[in-house]
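Since the structure comes first, as structure tokens, the remarks are kept for the end.
Note that the structure is predicted; figures quoted are calculated from it, not measured.
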Amino acid sequence: MARDGDTGARRAIADVRRAIGSALATVCNIVNPECVVVGGDLGSAGELLLGPVREALGHGAIGSAARDVEVVEGELGDRAEVLGAVALALRSGALLPSPTG
């Protein structure tokens, strides 16, 4: 809706990007991640959200932390939660048969 020019949707995204940018700046100052993936409904907003988030992050984070982090849109879409749960189960061995049969 925001891409189509809906004023309310654009305002909501503007509020979200400020909050996310500020929060990510704090995270980057503390943890200094290489990459932040924005997924779900927010990730589907694409550059409408990600560009301003990067800008807010650049203003709020320590220079080196802001330069070192890449902010990208998630690629898993609606399947992210399910795929994450399966990956976690596989990693823990929960989906593997027991050795005793």
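With sequence neighbours excluded, the residues that form a side chain to side chain contact (heavy atoms under 4.5 Å, CB included) with Ile30 are Thr26. Taking Ala9 as the reference, Met1, Ala2, Asp6 meet the side chain to side chain contact (heavy atoms under 4.5 Å, CB included) condition, with sequence neighbours excluded. Every residue two or more places apart in sequence or in another chain that forms a salt bridge (Lys or Arg N to Asp or Glu O under 4.0 Å) with Asp15 is listed here: Arg18. For Val27, the side chain to side chain contact (heavy atoms under 4.5 Å, CB included) criterion is met by Val31, not counting sequence neighbours.
Inter-residue side-chain proximity for Val38 and Val53 is flagged as unmet; no heavy-atom pair is nearer than 4.5 Å.
The structure places CG of Leu83 at 10.5 Å from CG of Leu90, a figure rounded to the nearest 0.5 Å. Between atom CG of residue Asn29 and atom CG of residue Leu24 there is a gap of 10.5 Å, rounded to the nearest 0.5 Å.
Hydrophobic side-chain contacts under 4.5 Å tie Ile62 to no other Ile, Leu, Val, Met, Phe, Trp or Tyr residue.
Each side chain to side chain donor-acceptor pair (under 3.5 Å) pair with one or both residues in residues 54-74, not counting sequence neighbours, appears once here: Glu47-Arg54.
Heavy atoms only, all atoms of each residue included: Ala61 and Ala66 are closest at CB-CB, 4.0 Å. For the residue pair Ala65 and Cys28, the shortest heavy atom distance occurs at CB-O, 3.5 Å.
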